[in-house]
Participant: 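Quick one: the structure is below, questions incoming.
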Amino acid sequence: TVRHARPMLSLDNSYSREDLEDFDRRVSQGLPDEQFDYVFELKIDGVALSLNYEDSLLVRAVTRGDGVQGDEVTANARTIHTIPLRLRQPGINCEVRGEVYMENESFAKLNAQREADGEPLFANPRNSTAGSLKLQNPNLVAARNLRYFAHWMHREDTNHTRHSERLEAMRDWGLAVNPATKRCTSLTEIFTLYDDYATSRAELPYEIDGVVIKVDRLDQQERLGNTAKSPRSAMAYKFAAYQALTQLLDIHLQVGRTGAVTPVAILKPVLLAGSTIARASLHNEDEIARKEVREGDTVIIQRAGDVIPQVVEVVMDQRAHGANRFVFPERCPECGSLAVREDGEAVRRCTGGLICPAQAVERLKHFALNSPAAEIAASSGVDVDTSSLAHAEGTVL
Ligand code: IVH
């Protein structure tokens, strides 16, 4: 654990134009009779990381932790391609802050591999980034293909007067600064950019959960000061989570390799954030009970950085008369063996072992994907197609 030289504050969040206009008014009042402008940035949905450079060499990387002290993860940070080990200009002592993130494509590959290995999946790229930074083996971290965008910098021996100059300096030194960053002179300009990214964000290769605006001049930032938790000179303007309304047609129970019985909502297909969603996670039986989900219900589904859509809630006043409460079966829907829920566990598991056709297929898939033959096939560029396995249960057994 390492103490930060300066506390790592967080940003205040706003969710509407009015919130942002209020913020702009407060800034105006804090800087009477002064001109000021903002820097517009994307809010990267990742994990905050502070980098310390001494004489231009990366000497320490520390996670945010509680803002006062965080975990040192230097060896892992050294494996991230967009974090230079040495800055392009000599003699620089500075602290850089930014966001470690995982591109959606790397995230999908990682989860596919975890599924094949029978390991629990990460819910979203932020979780997989946080998990990766905690790994004890930097070689494993290197394989995760993490990336970094720098969005803040502190340096004593400099005559920078603006945040935008510091961003430019970081770029010149070889750090990755997000290309969407832009100086803006009016809120109107910021609202237009916000709207643009709110619609086009699904096309970016990484997740963003909003935008950030920061007063550009450093002396004005200093005069505005900080609250206990955040600077008064910056504000996040978050995107609404992607949500859609649809009908839950059926609750399907999926039996995995280890016998875990997972409920999945089968939905009337609906377009959400650029893809058609026909299934959503219901997590486990307690969640179904907590949300009082029933077949036939109209439900709100959501993707909030999560790749697997979630059922958020039921629209109760649209519930059909006579909709039955969902009773989670105590027997496996595939083989009829007892499905047991151990004390303190959220998951119910089929006890059928290889008698259960679903477990047999999933275990065979796992075996096929992890066998030496699969490795040889993969290394020779042959695609291992498991989709046919799912349809071959009779033959397999
Ligand atoms: S500025 C004083 N700029 O959002 C806060 N933060 O609570 C300095 N984040 O954990 C942060 N993109 O890691 C800033 N362009 C951006 C950002 C950004 C993502 C993260 C940051 C922090 C959280 C805000």
Side-chain angles (χ1 to χ4, degrees), residues 4-15 19-20 23 26-27 30 38-51 61-71 73 77 80 82-83 94-103 124-127 129-130 132-133 146-155 162-171 175-184 190 193-194 196-198 201 204-218 220-239 304-305:
H4 297 293
R6 285 156 288 276
M8 275 182 93
L9 302 177
S10 54
L11 292 166
D12 264 349
N13 288 327
S14 55
Y15 296 90
D19 284 353
L20 217 61
F23 164 75
R26 287 197 301 277
V27 170
Y38 293 113
V39 175
F40 168 96
E41 295 173 17
L42 299 183
K43 188 166 187 299
I44 313 296
D45 198 4
V47 175
L49 188 70
S50 154
L51 308 175
V62 186
T63 61
R64 179 171 185 278
D66 61 5
V68 176
Q69 50 184 30
D71 294 333
V73 292
I80 300 175
T82 46
I83 296 184
C94 69
E95 182 190 352
V96 170
R97 289 181 184 172
E99 206 76 358
V100 184
Y101 65 98
M102 188 180 280
E103 288 198 346
N124 54 49
R126 182 175 11 89
N127 288 1
T129 303
S132 304
L133 275 181
L146 297 174
R147 284 163 193 260
Y148 185 78
F149 276 131
H151 57 57
W152 183 93
M153 192 260 285
H154 179 87
R155 186 183 170 200
R162 290 177 176 269
H163 173 64
S164 49
E165 288 169 3
R166 288 186 163 172
L167 291 175
E168 211 41 60
M170 287 196 288
R171 252 191 209 124
L175 283 147
V177 173
N178 189 280
T181 306
K182 189 168 187 296
R183 247 174 88 179
C184 293
I190 286 160
L193 284 167
Y194 173 90
D196 287 351
Y197 282 102
R201 69 173 159 137
L204 288 173
Y206 45 83
E207 297 278 347
I208 57 174
D209 57 344
V211 307
V212 182
I213 61 169
K214 301 171 181 174
V215 170
D216 194 19
R217 265 175 50 187
L218 301 174
Q220 292 178 328
Q221 286 189 6
E222 209 155 292
R223 260 175 291 141
L224 288 162
N226 303 322
T227 66
K229 153 183 168 298
S230 49
R232 288 196 195 87
S233 54
M235 177 64 88
Y237 183 11
K238 303 262 282 196
F239 296 131

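Ligands are counted one by one from 1 in listed order, and the atoms in each one are counted from 1 as well. Below, each value reflects all heavy atoms present in this structure, side chains not excepted, and no hydrogens, waters or symmetry copies.
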Participant: Set out, in order, the CA-CA distance, both residues' side-chain angles and the distance that settles side chain to side chain donor-acceptor pair (under 3.5 Å) for E95 and S50, then state yes or no.
Facilitator: CA-CA 7 Å; E95 182 190 352; S50 154; 2.8 Å; yes
Participant: Check for a donor-acceptor pair, side chain of R201 on one end and backbone N or O of I208 on the other, with a separation under 3.5 Å.
Facilitator: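 Answer holds: yes.
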Participant: Just jot down the ligand 1 atoms closer than 4.0 angstrom to any heavy atom of E41, in number order.
Facilitator: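 Result: 3 (N), 15 (N), 16 (C).
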Participant: Drop me the distance from H4's NE2 to T63's OG1, to the nearest 0.5 angstrom.
Facilitator: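 Reported value, rounded in 0.5 Å steps: 6.0 Å.
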Participant: Just to verify, which of I80, L175, V62 counts as forming a side chain to side chain contact (heavy atoms under 4.5 Å, CB included) with L51?
Facilitator: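 Of all the options given, the one that passes is L175.
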Participant: Quick one: does ligand 1 sit under 4.0 Å from the side chain of L42, the backbone, both or neither, non-hydrogen atoms only?
Facilitator: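 It is the backbone that gets close, since no side chain atom is under 4.0 Å.
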Participant: Which of the numbered atoms in ligand 1 are under 4.0 angstrom from any heavy atom belonging to A48?
Facilitator: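 Per the distance check, 10 (O), 13 (O).
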Participant: Does S10, backbone or side chain, put an N or O under 3.5 Å from an N or O of ligand 1?
Facilitator: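 It does not: no N or O of S10 is found under 3.5 Å from an N or O of ligand 1.
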Participant: Quick test: of every protein heavy atom, which one is nearest to atom 17 (C) of ligand 1, and how far off is it to 0.1 Å?
Facilitator: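 Result: H151 CD2, 3.4 Å.
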Participant: Can you tell me how far the CZ atom of R147 sits from the CD atom of E103, to the nearest 0.5 Å?
Facilitator: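 Reported to 0.5 Å precision, the distance equals 4.5 Å.
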Participant: For atom 5 (C) of ligand 1, find the nearest protein heavy atom and state the residue, atom name and distance (0.1 Å precision).
Facilitator: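 Result: L9 O, 3.5 Å.
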Participant: Are K43 and V211 close enough, and set up right, to give a side chain to side chain contact (heavy atoms under 4.5 Å, CB included), and what steps lead you there?
Facilitator: CA-CA 5 Å; K43 188 166 187 299; V211 307; 5.7 Å; no
Participant: Nearest to atom 23 (C) of ligand 1, what protein heavy atom do you find, and at what distance?
Facilitator: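 Protein heavy atom with the smallest distance to atom 23 (C) of ligand 1: K43 NZ, 4.0 Å.
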Participant: Apply ring-ring contact (aromatic ring centres under 6.0 Å, His included) to Y206 and F149, showing your working.
Facilitator: CA-CA 11 Å; Y206 45 83; F149 276 131; 5.4 Å; yes
Participant: Do you see a donor-acceptor pair shorter than 3.5 Å between the side chains of S132 and T129?
Facilitator: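 Side-chain D/A pair, S132 to T129: absent.
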Participant: Considering V211, N13, I44, N226 one by one, which has a heavy atom nearer to atom 12 (N) of ligand 1 than any of the others?
Facilitator: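 Nearest heavy atom to atom 12 (N) of ligand 1 lies in I44.
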Participant: Would one find an N or O of G98, backbone or side chain, under 3.5 Å from an N or O of ligand 1?
Facilitator: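 No: no nitrogen or oxygen of G98 is under 3.5 Å from one in ligand 1.
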Participant: Applying a strict 4.0 Å limit to heavy atoms, is K214 in contact with ligand 1?
Facilitator: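 True for this residue.
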Participant: Within the structure, is a non-hydrogen atom of P231 found at a distance of less than 4.0 Å from ligand 1?
Facilitator: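 Within the 4.0 Å threshold, so yes.
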Participant: With heavy atoms of E99 as the reference, note each atom of ligand 1 found under 4.0 Å away.
Facilitator: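 Near E99, meaning under 4.0 Å from one of its heavy atoms, ligand 1 has 9 (N), 13 (O), 19 (C), 20 (C), 21 (C).
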Participant: Atom 7 (O) of ligand 1: which protein heavy atom is closest, and how many Å away?
Facilitator: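 Result for atom 7 (O) of ligand 1: L11 N, 2.9 Å.
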Participant: Let me confirm one number: the NE2-CD distance from H163 to E41, rounded to the nearest 0.5 Å.
Facilitator: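 Rounded to the nearest 0.5 Å, the NE2-CD separation comes to 4.0 Å.
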